[in-house]
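Accompanying notes for the structure given below.
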Amino acid sequence: MTDNKDPKHSEVAGTDTVDRKNHNAKLDQLEGARSDATGEALTTNQGVKIADNQNTLRAGERGPSLLEDFIMREKLTHFDHERIPERIVHARGSAAHGVFVSYDDHSALTKASFLAGKGKETPVFVRFSTVQGSRGSADTVRDVRGFATKFYTDEGIFDLVGNNMPVFFIQDAIKFPDFVHAVKPEPHNEIPQGQSAHDSFWDFVSLTPESAHMVIWAMSDRGIPRSLRAMEGFGVHTFRLINAEGVSRFVKFHWKPVAGAFSLVWDETLKLAGKDPDFNRRDLWESIEMGDYFEWELGVQVVEEADEHKFDFDLLDPTKIIPEELVPVQKLGKMTLNRNPDNFFAETEQAAFHIGHIVPGIDFTNDPLLQGRLFSYTDTQLLRLGGPNFHEIPINRSIAPVHNNQRDAFHRQTINKGRANYEPNSIDGGWPKETPPAASGGGFESYPERMEGHKVRARSPSFGDHFSQATLFWNSMSAPEKEHIIGAYSFELGKVERVFIRERQVNEILANIDLELARRVAENIGVTPPTAPTISLKQPNPASSPALSLMNHLSGNIKSRKVAILIANGVDGKAIEAFKQKLADEGAIAKLIGPSPAPVKAADGTMLTPDAAMDGMPSIAFDAVFVPGGAQSVQAMAKNGVAKHYLLEAYKHLKPIAVLGEARQLLTALNLPEDAGLVTGDDGDVARVFTAFAQALAQHRIWAREAAAEQVPA
Ligand code: HDD
């Protein structure tokens, strides 16, 4: 078993002496809990070697099994107890280890030690999740994504338990069970799985105007991320950072993806849910295995204590953002996810996050959603992980030393020495002792906020504006993003059986966000378009925020983008070589996709082994497609429905496509017109075609193609 040794944090500034893949203080600690059976005998849980793992002990070869068979009984009993309750929300998740490196000494802002030095490294474990679906549901459903980060700091654990959207559906935690019941599959038939497109969700949100802002985020492209690496993350609530002088400032936490933020298109998500339900999880796993790590910068928006009331919304209201144009995001450091877990259950499933896990220098605010969360997370782990010792499970163990008088209970691992299990004591020298707060290394001290008020069940009037920031979000979208939002509301409300719920959402929610949005959705779902909002509305301030549009979050490069190269016998091998080299130079990933997994003979006689067959890795698994020339291969593809569908589908999903030589005939046959993302050239034109193709790929999708793509049957 592991012990809580002092952390081995290294104060490395700009050096790369640490093999991040395999070592950090947390990974070293976990090493003590890892088990490798290579070369070892098969044993019972008691360490007794097993001679026969094939047959139960029985009375005669054809006789009944004997109760005496302790080997069979132990094995079956353990198996019967393998499952633990899945998380009530965020059940489907995947996770990775990594490291957070502080850019600087941020002690003017906070005394938290993990931000106190340039280059200071802190191990992290991050679990991403969908919210609504169960453990086995598809990755690509329209949903919020959880983004929970466990910082194993040298002052204890700090969990930043956020989402990929900066606001939430409700303002008060007492509404959380209602909201979750409404969005989960309906109680009578447990349908639908992993989707909000059903009556009970829209019934609840149409009756709950405070959800309007979050729902429009969920209906936007943010609800269908292309990759977990391509999502922003948000702490959602306003927190406090407190420095050594005791100065407190309000902050909103942000994760800014180095890869940029970009999404799937809706038709793609529906197909992926069937063809590769593990799409996002696989991408995380495979990228890390390839050494292509996921990276984010941690940032904060900082508001001085004196400015608490200077906004036209309440900082304590979790349905509001602070527009980045009003308060810019300051970058504090960078997180790199660089190692996959060794065991999904032991690490990812047993990870216990809690918004109440904070360290000196960080504190809560009175956000009523945050306050309720402080109760819920420990409570849920007690059930899920079977008792109060879940902090001793290896993935949850602090790397800072843990000593207190909390004792016993199910599954206790620590063997506490000494006779005094209380404090104060004089028997064991008074240990463990309290540590007074200090500028660094001190005990935790809550910010001494001055409080007064009556004990009431009431919400502040400052939480009363539910629409202006939903309007701000809508105003900030590009034309394609607006179309996607209209499409998403129309799809979801179109699945709502009760017309009065459709009408309520359109008239009482959408009409108060934007009349044009409400009218377009109304027309699509067969309800009477509204002519006016139902209440007098506050104008958003600012009127629009460029930081909200995904179009402004692209990285400008094609690193990590996946490109399918379609091959068949007779393909132009030289063009493939040249194209692959250029992709590799830009950090993009190329896969050879053949009619079947069998090797293909190129025109020059070289043998090419496909990475996958066309039906095994369809176009939806890629960001772009390249079709090299070669008379014979093009003829074969022209007769192959799967190959033709590949191109039609990539075109329909607005992906860049590069086509060389004879392969241009395929475009004519398929009636696909050239555009900024459908780039063609002669066999020798690789350099020019690649440049245009890479430019299109850096833009993620060819949005100008959308109207033409709608006509494509794929
Ligand atoms: Fe929560 C899990 C994020 C509101 C109660 N929540 C959970 C996870 C994330 C969030 C990312 C998964 C953690 C993991 O990977 O294990 N939750 C949020 C955010 C919220 C939020 C960003 C609003 C700003 N949550 C919220 C409220 C409550 C909960 C208001 C209850 C009052 N959340 C839970 C929970 C879960 C959980 C039931 C389920 C599994 C778990 O905690 O460990 O306690």
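If you read the sequence from its start, that first residue is 1, and numbering goes on from there. Whatever order the structure lists ligands and atoms in, that order sets their numbers, starting from 1.
- Residue contacts with ligand 1: Arg87 is placed with a nitrogen or oxygen under 3.5 Å of a nitrogen or oxygen of the ligand (distance criterion only).
- Less than 4.0 angstrom separates some heavy atom of Phe147 from each of these atoms of ligand 1: 11 (C).
- Listed by chain and residue number, nothing satisfies the side-chain hydrogen bond (donor to acceptor under 3.5 Å, both in side chains) test with His553 (two or more places apart in sequence, or in another chain).
- Taking 4.0 Å as the cut-off between side-chain N and carboxylate O, Arg92 and Asp139 count as a salt-bridged pair.
- Between Val167 and Asp317, every side-chain heavy-atom pair lies at or beyond the 4.5 Å cut-off.
- Taking 4.5 Å as the limit, some side-chain heavy atom of Arg459 sits within range of a side-chain heavy atom of Glu210.
- Nearest protein heavy-atom neighbour of atom 11 (C) of ligand 1: Gly162 O, 3.2 Å.
- Distance from atom 23 (C) of ligand 1 to its nearest protein heavy atom, with residue and atom name: Phe168 CD1, 3.4 Å.
- Some N or O of Arg127 is nearer than 3.5 Å to an N or O of ligand 1, by distance alone.
- Side-chain contact between His23 and Arg339: absent, with no pair of heavy atoms (C-beta onward) separated by less than 4.5 Å.
- Listed by chain and number, the residues in a ring pair (Phe, Tyr, Trp, His ring centres under 6.0 Å) with Phe204 amount to none (sequence neighbours excluded).
- Ligand-side atoms of ligand 1 in range of Val236: 22 (C), 24 (C), range being under 4.0 angstrom from any heavy atom.
- In the vicinity of His237, heavy-atom distances shorter than 4.0 Å reach the ligand 1 atoms 24 (C).
- Salt-bridge formation is detected for the pair Arg240/Glu449: a Lys NZ or Arg NE/NH1/NH2 atom is positioned less than 4.0 Å from an Asp or Glu carboxylate oxygen.
- Residue, atom and distance of the protein heavy atom nearest to atom 38 (C) of ligand 1 are Ile88 CG2, 3.3 Å.
- The six-membered or imidazole ring of Trp255 lies away from that of Phe128, with a centre-to-centre distance of 6.0 Å or more.
- Not counting sequence neighbours, the partners of Thr238 by the side-chain contact (heavy atoms from CB on, under 4.5 Å) test are Phe250, Lys252, Leu315, Thr365.
- Side-chain polar atoms of His411 and Glu392 form no donor-acceptor pair below 3.5 angstrom.
- Checking Ser476, Ser220, Ser549 one by one against Glu481, the side-chain hydrogen bond (donor to acceptor under 3.5 Å, both in side chains) holds for a single residue, Ser549.
- Looking only at heavy atoms of the protein, atom 22 (C) of ligand 1 is closest to Asn163 ND2, 3.2 Å.
- In summary, the atoms of ligand 1 found under 4.0 Å from a heavy atom of Gln381, numbered by their order in the structure, are 41 (C), 43 (O).
- Contacts between His354 and ligand 1, counted as non-hydrogen atom pairs separated by less than 4.0 Å, are absent for every part of the residue.
- Side-chain contact, Ser263 with Asp221: no donor N or O sits under 3.5 Å from an acceptor N or O.
- Inspection of the environment of atom 1 (Fe) of ligand 1 yields the following protein N, O or S atoms under 2.8 Å: Tyr377 OH.
- Every atom of ligand 1 with a heavy atom of Leu369 under 4.0 Å away is listed here by number and element: 23 (C), 24 (C), 30 (C).
- The closest protein non-hydrogen atom to atom 41 (C) of ligand 1 is Thr380 CG2, 3.4 Å.
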